[in-house]
Amino acid sequence: MNFDIVVVGGGPAGMAAAYSASEKGSKVLIVEREAKLGGILNQCIHNGFGLHYLGEELTGPEYADVWQKKLLKTKAKVLLSSVVTKIERLGDRNVVVHIKNSEGVSKIKTKAVVFSMGCREKPGSAINLCGTRPAGVFAAGEAQKLVNVHGKLVGKKVVILGSGDIGLIMARRMTCEGAKVVGVYEIMPKCGGLARNVAQCLNDFNIPLFLSTSIVKIVGDKRVSGVVVAPVNPDFSFDLTKQKLVKCDTVLLSVGLLPEIDVLNEFNLERSNVTNSVVVNQFYQTKIPEFFVCGNVLHVNDLVDNVTVESLEAGVCAANFAKTGKTTKKPIEVKLDKNIRYTSMKYVYKNTGSVTLCFRVSDEFKNAKIVAKSGEEIVASVFKPVVRAGQIEKIVVDTSKLKNDLNLCLEVA
Amino acid sequence: MKTFDVLIVGGGIIGTNLFSLLARNGVKVALLEKEDDICGLVSRANSGVIHAGYDPRPNTLMAKFNVEGTKMYPQMCKRLGVDFVSCGSLVVAKKEDKKKLEELLNRGKQNKVPDLEILGKKDLQKLEKNLADNIEFGLFAKTAGIVSPYEICVALAEEGVLNGGKVFLNFEVKLIEKQENGKFVLSNGKEEIAAKFVVNCAGQHAAKINDLAGAKHFKMNFVKGEYILLDKAEKGFVNRPVFPLPTEKGKGILANITTHGNILLGPTAFPCKLGDTSVTLEGINKIKQDVLASVKQPNFRKTIKLFAGVRVKSGSDFNISRDEKQKNFYYAVGVCSPGLSAAPAIAQHFLHLLKEDGLKTKKIIVKKRKPYTNTEKLSEKELDKLIKKNPNYGKVVCRCENISQGEILEALNSPLPAKNIDAIKRRLRPTMGRCQGSFCRPKLVKILSDFYKTKEEDVTLNGKGSEIVVGNIKGGIQ
């Protein structure tokens with residue numbers, strides 16, 4: 001079977017990329033490992049999806065449904081319950097994707113591949129979570145799946161480690177199901193999730209948030225019986241003089257996401273130490289021109305709306321490349337000052353129209369001016385009364401103004 | 001009352017070796033294990049190294065059984081259909097420590113270890129790219145290798161069952177009595193099982209079992225060994241176990257591989273209480289620091305699991321014997337490293353003692369264990385053929401380790417069926433990969449509850465009390 005584009009992963013990113021590529025006239029196949037499209041959206045039964053892009057607040061499954069309907073109106077083919085086991089690049093626009101499902105093993109020839117596999121949750125050990133290893137310790141998203149999809153309660157007295165959005169949302173969800181959430185513990189001095197989630201998920205339910213505090217160790221033999229918590233010093237060591245035992249039967253971990261990019265490990269593509277993913281240019285394209293990357297597997301977004309916007313662009317870029325095979329030469333590296341953690345795109349090109357750079361700042365800043373400089377000239381700037389590390393920020397740069405460099409800086413006015 | 005010729009207490013590496021050996025020799029044998037699966041504690045979490053045998057002091061049981069056992073491993077693994085990675089091992093040293101390496105080499109020669117060689121920097125670099133800069137010499141032991149200790153225990157137990165042996169899980173021996181006819185009766189408080197011979201291979205509970213039987217009393221010490229496991233993406237950081245020079249406290253913290261391609265760093269050696277496998281920050285920091293004596297900085301950002309095992313000690317040597325007071329009672333007490341390497345030879349030794357004491361063996365037609373399908377090892381053509389025959393092999397349950405529903409069903413239908421999530425893990429590795437089960441654990445709960453026709457609430461991580469979910473949500477399930 002031959003396609004122009006194979007999209008790996010049928011979550012919000014994959015659906016948007018497949019949709020836009022298909023609309024551009026490409027012959028698209030989307031490969032999804034689960035039995036239905038939508039990815040993690042299917043377990044996110046809370047609302048708040050689509051506010052920016054669709055102008056209405058939907059639940060996760062509803063948002064997925066909107067895009068699935070759009071996608072099914074195109075000519076894109078969907079392959080469910082199927083995994084990509086291997087990718088081979090044979091030459092210019094000549095890629096073979098190996099697929100396994102309950103019908104067997106097949107090979108699909110394609111001109112380009114869009115990688116949109118999303119993330120996995122960081123396990124406790126990855127953040128040096130010590131103690132015993134009993135039942136009752138869950139990644140927050142895993143618990144979300146058990147509760148919302150399997151209809152199963154995972155525990156009755158819950159401690160949550162990490163104040164990322166999944167942790168906050170699960171704090172509310174567990175409370176609504178009758179569990180007692182005794183606290184959300186965050187090692188950093190600031191909450192990791194969106195402000196609206198702190199208000200709606202913690203404050204409205206009187207769930208305490210303990211900042212600069214973390215779990216020293218898990219306690220319990222067969223099932224969790226508690227956690228020892230302690231404040232952390234500025235160097236992130238524990239202040240063990242103030243440690244105490246908090247009794248609970250469940251620990252949910254919301255301690256970060258890692259890109260599910262491992263199918264690309266063998267290609268030795270340039271990586272980012274911040275996102276842990278591969279880096280792309282303004283066309284969402286890697287050093288291997290046939291490979292495009294978008295959505296949370298590229299960088300963890302705050303809102304699904306941003307994933308959709310980014311992935312629609314990536315789909316168009318992949319479609320253009322599949323059609324023409326054209327690549328742009330002489331990349332300009334986007335250089336960042338210390339206040340900016342990363343940009344979704346590392347390389348841009350002169351005279352390629354306007355490009356939207358998504359980025360995250362390293363801390364909370366008030367009256368922040370974000371400036372894009374090329375040569376001595378300011379080519380774009382944005383003013384924000386407040387920027388936070390948890391949120392994605394954007395700046396639009398006109399590439400016709402570029403000299404031979406691009407520096408992104410955050411200045412506090 | 002169920003009666004056997006031989007009862008083995010404890011389903012670790014020695015117990016399962018002896019179990020399989022006796023079953024294959026036509027002996028009516030049963031294995032009593034206190035946990036919900038075999039390979040419960042000591043044998044489960046260790047470095048998986050089959051040591052060449054240069055380390056134990058000459059003329060000890062450790063030296064004898066280590067060298068004999070290691071010789072048996074390649075053939076045994078082949079028979080069982082489990083991996084033996086014949087990678088050799090390295091002990092590395094700085095320039096000024098060459099003498100200590102030579103001492104080890106000489107000890108190895110006294111222990112009759114074949115194929116030992118001290119290599120210089122140039123040859124070392126051909127074997128390992130990431131040795132610490134100040135490493136000048138290394139003792140290369142070609143006969144050493146790597147196994148998966150829990151896979152071997154499972155395979156041996158299955159082989160024993162296939163050949164007529166019986167396994168009793170969740171059977172904690174609480175009482176041992178001797179009847180007038182000389183037979184032992186072992187009870188867990190509910191059920192009694194009798195046998196003429198009893199072999200105590202109870203790991204960290206071995207001293208207690210000896211006491212219950214009125215056999216020789218031992219004082220045991222427990223030593224915790226913590227480990228850091230890295231993602232398979234780090235494969236090649238080292239290609240074999242790389243040891244520092246051994247000290248009084250043990251073999252030190254090594255940079256090691258697993259049979260599945262992960263990098264394994266550890267163990268620490270802290271005195272601990274019975275059963276304490278908790279991981280400490282102190283231990284993790286010690287590994288991170290001490291491993292740098294032998295290798296360059298590992299990529300700890302790729303840590304996927306911290307875990308710990310317990311080593312048991314009683315005196316400076318293994319205590320493996322027939323009891324002097326209690327006739328027809330045998331014990332293996334304080335079998336620490338190199339116990340994994342020594343286990344097949346220890347089992348042979350027990351068989352020898354049992355036969356001396358009147359155990360009758362008979363020739364049977366030995367049934368060969370069928371290893372689990374490993375779809376990752378099949379060519380695409382073979383896999384395609386298999387899936388067309390049975391579509392379950394195309395349904396991926398564990399995405400990180402690429403394990404299909406078909407493989408998992410094999411573990412549930414095996415001669416010693418997996419009854420909980422950890423038991424499936426030890427047979428096939430789901431929940432052991434880079435996501436540590438956050439994607440597949442909910443699926444495994446469902447698979448286990450469907451297979452055993454129980455509620456999902458009854459599915460456990462590793463036996464009663466370790467249930468994963470506690471009930472339905474308020475609205476119930478559609």
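Within every chain, numbering begins at 1; the chains are lettered A, B, ... in the order of the sequence lines, protein sequences first and strands thereafter.
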Against chain B, residues from residues 241-265 of chain A with at least one heavy atom under 4.5 Å, in numeric order, are A/E260, A/D262, A/N265
Can you tell which part of A/I218 gets under 4.5 Å to a heavy atom of chain B, answering side chain, backbone, both or neither?
-> neither
Counting heavy-atom pairs under 4.5 Å to chain B, which of A/G136, A/A139, A/G155, A/P134 comes out on top?
-> A/G155
Under 4.5 Å, counting heavy-atom pairs only, tell me which of B/I304, B/T303, B/D384 racks up the most with chain A.
-> B/D384
Heavy atoms only, distances under 4.5 angstrom: which of B/R434, B/E457, B/E467 has the most pairs with chain A? Name it, please.
-> B/R434
Pick one of side chain, backbone, both or neither for A/S106, based on which atoms fall under 4.5 Å of a heavy atom in chain B.
-> neither
Among A/K145, A/R223, A/R120, which has the most heavy-atom pairs under 4.5 Å with chain B?
-> A/R120
Side chain, backbone, both or neither: which part of B/T375 has a non-hydrogen atom closer than 4.5 Å to chain A?
-> side chain
Counting only N and O atoms by type, is there a donor-acceptor contact under 3.5 Å from the side chain of B/E234 to the main-chain atoms of B/P298?
-> no
Chain A contact via B/F307 - side chain, backbone, both or neither, heavy atoms under 4.5 Å = both
Return the option, out of B/K446, B/K305, B/E226, B/K302, with the maximum number of heavy-atom pairs under 4.5 Å with chain A.
-> B/K305
Does a side chain donor of either B/N392 or B/K395 reach within less than 3.5 Å of an acceptor in the other side chain?
-> yes
What part of A/Q144 lies closer than 4.5 angstrom to a heavy atom of chain B: side chain, backbone, both or neither?
-> neither
Region of B/L383 that comes under 4.5 Å of a non-hydrogen atom in chain A = both
Identify whether NZ of Lys or CZ of Arg in B/R399 sits under 6.0 Å from the centre of the six-membered ring of B/F439 and within 45° of that ring's axis.
-> yes
What part of B/Q436 is in contact with chain A, defined as an atom under 4.5 angstrom from a non-hydrogen atom: side chain, backbone, both or neither?
-> side chain
Please identify each residue that fulfils salt bridge (Lys or Arg N to Asp or Glu O under 4.0 Å) with A/D165, with sequence neighbours left out.
-> none
Pick one of side chain, backbone, both or neither for B/K389, based on which atoms fall under 4.5 Å of a heavy atom in chain A.
-> neither
Let me know if B/T280 has heavy atoms under 4.5 Å from chain A in its side chain, its backbone, both or neither.
-> backbone
Of the backbone (N, CA, C, O) and the side chain (C-beta and beyond), which part of A/K122 lies under 4.5 Å from a heavy atom of chain B, both, or neither?
-> neither
Any sub-3.5 Å donor-acceptor pair from B/S438's side-chain atoms to A/E142's backbone N or O?
-> no
Whatever's closer than 4.5 Å to a heavy atom in chain A on B/D231 counts as side chain
Minimum heavy-atom distance between A/G131 and A/R133, given as atom pair plus value = O-NH1, 3.7 Å
What part of B/K464 lies closer than 4.5 angstrom to a heavy atom of chain A: side chain, backbone, both or neither?
-> backbone
Chain A: which of B/G406, B/C400, B/P442 shares the most heavy-atom pairs with it under 4.5 Å?
-> B/P442
Heavy-atom pair count under 4.5 Å with chain A, highest-scoring of B/A233, B/G283, B/S278, B/G275 | B/S278
For the side chain of A/S272 and the backbone of A/V279, is there at least one donor-acceptor N/O pair under 3.5 Å apart?
-> no
Report the option among A/V154, A/I127, A/N101 that has the most heavy-atom pairs separated by less than 4.5 Å from atoms of chain B.
-> A/N101
Max heavy-atom pairs within cutoff under 4.5 Å with chain A, candidates B/N390, B/L229, B/L306, B/T277, goes to B/L306
